[in-house]
Amino acid sequence: MFYRYEDGHGLPHDPLKAIVAPRPIGWISSRSKDGRINLAPYSFFNMISTKPCLLMFSSEGYKDSVAFIEETGEFAANLVSANLSVAMNATSVNAPRGVSEFEYSGLTPADCTLIGAPRVAEAYATLECVLTDIQNPKDRRGNRVSAFMVIGEVVGVHINEAILTNGLVDMTKAQPVSRLGYMDFASVSETFQMFRPRWDGSGN
């Protein structure tokens, strides 16, 4: 089938998020200027460079995460592993500002080392980030959309050594959770390796 996006798909649910999948989940923790803390999952999340290490998440709407990060210039991205998937889902609740998602989900806020935002103590890994940019993208007609893309530079990395094998992060131990389409999620239980080929000039 083919459909023009603005004309609609005619299917029971929008297939677009199922096509652009799996998507890693950025579990973003932040603190406001007055000390309130927030924790929320974002599936529009990824790294965008390594030198320096920049990552981004995008919020559909100006939510507490964006507001707190704009106030303080800091946030943490916590790894969602399979054992924390229920707690992660709990933090997606649309709670009033001032309600702690840490308390609501039974998670423990822990101090970061280089930034003032908290991290999830139970997470196998956390990236401490300093804000570099907040962008409000445009559509093809030049109109601002409702999304806000937050970009941060990673300045500190926490890793629980329980997920290391021979000094490498073992995805079968970390079991990161990804977002699929609809209400579906997945976690990593097995991996395989492929190495980038070297061009020898023959085309083979």
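Keep in mind the model is a prediction, meaning the values are calculated, not measured. Positions are given from 1 along the sequence. Basis for what follows: all heavy atoms, side chains included, without hydrogens, waters or symmetry-related copies.
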Inset, instruction - Check the hydrophobic clustering (I, L, V, M, F, W, Y; side-chain heavy atoms under 4.5 Å; chains of links allowed) and say if L127 and I28 are grouped together. - result: yes
Legend entry - Candidate pair F102 and N38, rule side-chain contact (heavy atoms from CB on, under 4.5 Å), full reasoning: CA-CA 8 Å; F102 280 95; N38 183 263; over 6 Å; no
Inset, instruction - Output yes when a side-chain donor or acceptor of E122 lies under 3.5 Å from a complementary backbone atom of T108, and no otherwise. - result: yes
Inset, instruction - State, with a plain yes or no, whether a side-chain heavy atom of I25 is found less than 4.5 Å away from one of M88. - result: yes
Please list, one pair per line, the donor and acceptor atoms closer than 3.5 Å that link side chains of residues 167-176 to other protein atoms, with sequence neighbours excluded.
residue : atom : partner : partner atom : Å
D170    : OD1  : T172    : N            : 2.9
D170    : OD1  : T172    : OG1          : 2.5
D170    : OD2  : T165    : OG1          : 2.8
K173    : NZ   : L164    : O            : 3.2
K173    : NZ   : T165    : OG1          : 2.9

Inset, instruction - Measure across L107 and P109 and return the closest heavy-atom pair with its distance rounded to 0.1 Å. - result: O-CD, 3.6 Å
Inset, instruction - Give a yes or no on whether the backbone of D111 and the side-chain of R119 come within a donor-acceptor separation of less than 3.5 Å. - result: yes
Inset, instruction - Side-chain contact test, heavy atoms from C-beta onward, threshold under 4.5 Å: evaluate it for S65 versus V150 and give yes or no. - result: no
Legend entry - salt bridge (charged side-chain N to carboxylate O under 4.0 Å, His left out) contacts touching residues 26-43 (sequence neighbours left out): D34-R36
Inset, instruction - Would you please name every residue forming a ring-ring contact (aromatic ring centres under 6.0 Å, His included) with F44, sequence neighbours left out? - result: none
Inset, instruction - Could you verify whether a donor N or O on one side chain and an acceptor N or O on the other, from S29 and N78, lie under 3.5 Å apart? - result: yes
Legend entry - Within 6.0 Å of OH in Y104, more than 12 heavy atoms from elsewhere: no
Inset, instruction - Please name the pair of heavy atoms, one in A147 and one in P137, separated by the smallest distance, quoted to 0.1 Å. - result: O-CD, 3.3 Å
Legend entry - Residue pair F75, F68: steps toward the ring pair (Phe, Tyr, Trp, His ring centres under 6.0 Å) verdict: CA-CA 9 Å; F75 66 94; F68 289 4; over 10 Å; no
Inset, instruction - Return each pair, listed once, that meets salt bridge (charged side-chain N to carboxylate O under 4.0 Å, His left out) where at least one residue sits in residues 56-75; pairs must be two or more places apart or across chains. - result: D64-R97
Legend entry - Any side-chain donor near an acceptor of the partner, S58 and Y42, under 3.5 Å: no
Legend entry - Non-hydrogen side-chain atoms of D14 and Y182 separated by less than 4.5 Å: no
Legend entry - Same apolar cluster: I69 and Y62, side chain cutoff 4.5 Å: yes
Inset, instruction - Return the minimal non-hydrogen interatomic distance between P24 and N46, and the atom names on each side. - result: CG-ND2, 4.0 Å
Inset, instruction - Decide yes or no on side-chain contact (heavy atoms from CB on, under 4.5 Å) for L55 and C129, but give the supporting numbers first. - result: CA-CA 9 Å; L55 56 78; C129 302; 4.0 Å; yes
Legend entry - Single-linkage hydrophobic cluster F2~L11, side-chain heavy atoms < 4.5 angstrom: no
Legend entry - Close side-chain approach of E153 to C53, heavy-atom, < 4.5 Å: no
Legend entry - Validation row: P22, F185 side chains within 4.5 angstrom (heavy atoms): no
Legend entry - Linked, directly or transitively: I163 and V177 (ILVMFWY side chains, under 4.5 Å): no
Legend entry - Full working for side-chain hydrogen bond (donor to acceptor under 3.5 Å, both in side chains) between S43 and R23: CA-CA 6 Å; S43 68; R23 299 187 306 281; 3.2 Å; yes
Legend entry - Rounded distance (nearest 0.5 Å) linking atom CG of L84 with atom OG1 of T91: 10.0 Å
Inset, instruction - Answer yes or no: is there a side-chain heavy-atom contact under 4.5 Å between W27 and L39? - result: yes
Inset, instruction - Grab the two heavy atoms, one from Y124 and one from N83, that are nearest each other, plus how far apart they are. - result: CE1-OD1, 4.0 Å
Inset, instruction - Please check if atom NE2 in H13 has more than 12 non-hydrogen atoms from other residues, nucleotides or ligands closer than 6.0 Å. - result: no
Legend entry - Within-4.5 Å side-chain heavy-atom neighbours: L131 and I151: no
Legend entry - I134-I48 co-clustered via ILVMFWY side chain contacts under 4.5 Å: no
Inset, instruction - Mind listing the closest non-hydrogen atom pair of V66 and S59 along with its distance? - result: CG2-CB, 3.7 Å
Legend entry - Considering all heavy atoms, the nearest A76-I115 contact: N-CD1, 4.2 Å
Legend entry - Heavy atoms of other groups near M194 CE, more than 12 under 6.0 Å: no
Inset, instruction - Nearest 0.5 Å please: distance from the OG1 atom of T132 over to the CE atom of M56. - result: 11.0 Å
Inset, instruction - List for me each residue that meets salt bridge (charged side-chain N to carboxylate O under 4.0 Å, His left out) alongside R4, sequence neighbours excluded, and say none if there are none. - result: D7
Legend entry - Whether E128 side chain and T113 backbone form a donor-acceptor pair below 3.5 Å: yes
Legend entry - E6: partners by salt bridge (charged side-chain N to carboxylate O under 4.0 Å, His left out), with sequence neighbours left out: R140, R141
Legend entry - Flag side-chain contact, heavy atom, 4.5 Å: L54 against V154: no
Inset, instruction - Say whether, by atom type as modelled, one donor and one acceptor occur between the side chain of S100 and the main chain of E103 under 3.5 angstrom. - result: yes
